[in-house]
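Accompanying notes for the structure given below.
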Amino acid sequence: MTRFYNWLLPHPLLTLLLAVVWTLLQNDVSAGMVVFGVILGIIIPRMTSIWWPDLPKGFHIGKMFSYCLIVMWDILVANIQVAWIVLSVPNAKLKPAWIAVPLKLRQPEAITLLAGTITLTPGTVSCDLSNEGHSLLVHVLHTDDPDAVLEDIKTRYERRLEEIFV
Amino acid sequence: MSFEIIGTYAVALLLLIGAGFVIVGVIGLLKFNDPMTRLHAPTKVGTVGIGALLLASMLYSFVQGEGSLHEMLIMAFLFVTAPISAHFIAKVSIHMRTCETPPAPPQDTTWSTLDVAEEDREIAPQEQG
């Protein structure tokens, strides 16, 4: 039974997400649309599971939720900081820097989330992975202390992601 | 009645905030003079700018009495796709050597964009200066 369940739903969360997205796309919550969304949510992960074979082992939804809230708050603060830098710092005084982040995370899903978070938050863009995927290259728009930014990324985001993906 | 008035003012305020952030993003795009720093302005300021505009649209349709949740999806897709396009633009500028060479990674041997196969070295862009 468990094997059948695993075969039918290779990614249960993806199924749920697809059903919700489909219902939102229709902009109307009715039984028919929800059922059709669930059908799509079963067929699509089943058909594409060849390209996403490894199921993330553990995944804490509660911690993911609080992580999303923290990131959203950071995005807001970040935007105001970046807007201020854009308007007030002249080009000659701008101090862009590269930061190489050694990764403790190993799961591709977790690294993708970390890279996405870094790009969405204050003045940092994740630019490249090392050839075996154990380091992340980050570009900072304006900083006096690159080490502080590195420390911030590691304690604020990576540590939390380690707790989400166990 | 007063509900509609408050709603209208909130929508106007959100539109102003959104437009403000978008214009800052455009200014940044025009002002910075290096591809890597230029990348920062639209990816950051764009998210809250467009987010506020979409929130205004959502609020407006709720005030009008016909709820709309399409905007949530637009925002979600935007947040998922913006980092990917930024990542690729950054990879291109590393590949074309139009920015400073990044420092060596602390783990592993080199960055994946600079990791060109032996037989392709001749056609790869060469280090400048």
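Just so you know, these numbers use all the heavy atoms, side chains as well, and skip hydrogens, waters and symmetry mates.
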Among [options], which residue has the highest count of heavy-atom pairs closer than 4.5 Å to chain A?
| options | answer |
| --- | --- |
| B:Leu39, B:Leu73, B:Asn33 | B:Leu73 |
| B:Pro105, B:Ala82, B:Ser93 | B:Pro105 |
| B:Ala90, B:Ala76, B:Ser112 | B:Ser112 |

Report yes if the side chains of A:Leu137 and B:Ile94 come closer than 4.5 Å at any heavy-atom pair, otherwise no.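 Sidechains of B:Ile94 and A:Leu137: in contact.
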*Are any non-hydrogen side-chain atoms of A:His139 and B:Thr37 less than 4.5 angstrom apart?*
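Result yes, sub-4.5 Å side-chain heavy-atom pair found.
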inquiry  = For the OH atom on B:Tyr60, are there more than 12 heavy atoms of other groups (residues, nucleotides or ligands in this structure) within a distance under 6.0 Å?
reply    =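 Result for OH/B:Tyr60: open.
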Does A:Lys104, at its NZ atom, have more than 12 non-hydrogen atoms belonging to other residues, nucleotides or ligands within less than 6.0 Å?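 No, because the 6.0 Å sphere around NZ of A:Lys104 holds 12 heavy atoms or fewer from other groups.
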Heavy-atom pair with the smallest gap, counting every atom of [X] and [Y]:
| X | Y | answer |
| --- | --- | --- |
| A:Trp98 | B:Pro103 | CB-CD, 3.3 Å |
| B:Phe32 | A:Leu94 | CE2-CD2, 3.6 Å |
| B:Lys91 | A:Asp128 | NZ-OD1, 2.8 Å |
| A:Ala83 | B:Phe21 | CB-CE2, 4.2 Å |
| B:Met36 | A:Cys127 | CE-SG, 3.4 Å |
| B:Pro83 | A:Thr119 | CA-CG2, 3.6 Å |

* Asked: Considering only heavy atoms, which portion of A:Leu103 lies under 4.5 Å from any heavy atom of chain B: side chain, backbone, both, or neither?
  ->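 Backbone only.
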Q) Considering only heavy atoms, which portion of A:Pro102 lies under 4.5 Å from any heavy atom of chain B: side chain, backbone, both, or neither? A)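 Contact with chain B is through both the backbone and side chain of A:Pro102.
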Between B:Phe88 and chain A, with a heavy-atom cut-off of 4.5 Å, which part of the residue counts as in contact: side chain, backbone, both or neither?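 No part of B:Phe88 comes within 4.5 Å of chain A.
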How long is the straight-line distance from [atom2] of [Y] back to [atom1] of [X], given to the nearest 0.5 Å?
| X | Y | atom1 | atom2 | answer |
| --- | --- | --- | --- | --- |
| A:Thr112 | B:Ile84 | OG1 | CD1 | 8.5 Å |
| B:Trp111 | A:Asn131 | CH2 | CG | 9.5 Å |
| B:Thr47 | A:Asn79 | OG1 | CG | 4.5 Å |

[X] and [Y]: same hydrophobic cluster, using ILVMFWY side-chain contacts below 4.5 Å?
| X | Y | result |
| --- | --- | --- |
| B:Leu29 | B:Leu78 | no |
| B:Met75 | A:Ile70 | no |
| B:Val80 | A:Leu14 | no |
| A:Val89 | A:Leu141 | yes |
| A:Leu69 | A:Leu161 | no |

- Relative to chain B, which of A:Ser130, A:Ala115, A:Ala100, A:Pro96 shows the most heavy atom pairs under 4.5 Å?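 Result: the option with the highest number of such pairs is A:Ser130.
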- Message: Does either side chain, that of B:His40 or that of A:His142, offer a donor lying less than 3.5 Å from an acceptor on the other one?
- Response: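 Not at all, the side chains of B:His40 and A:His142 share no donor-acceptor pair under 3.5 Å.
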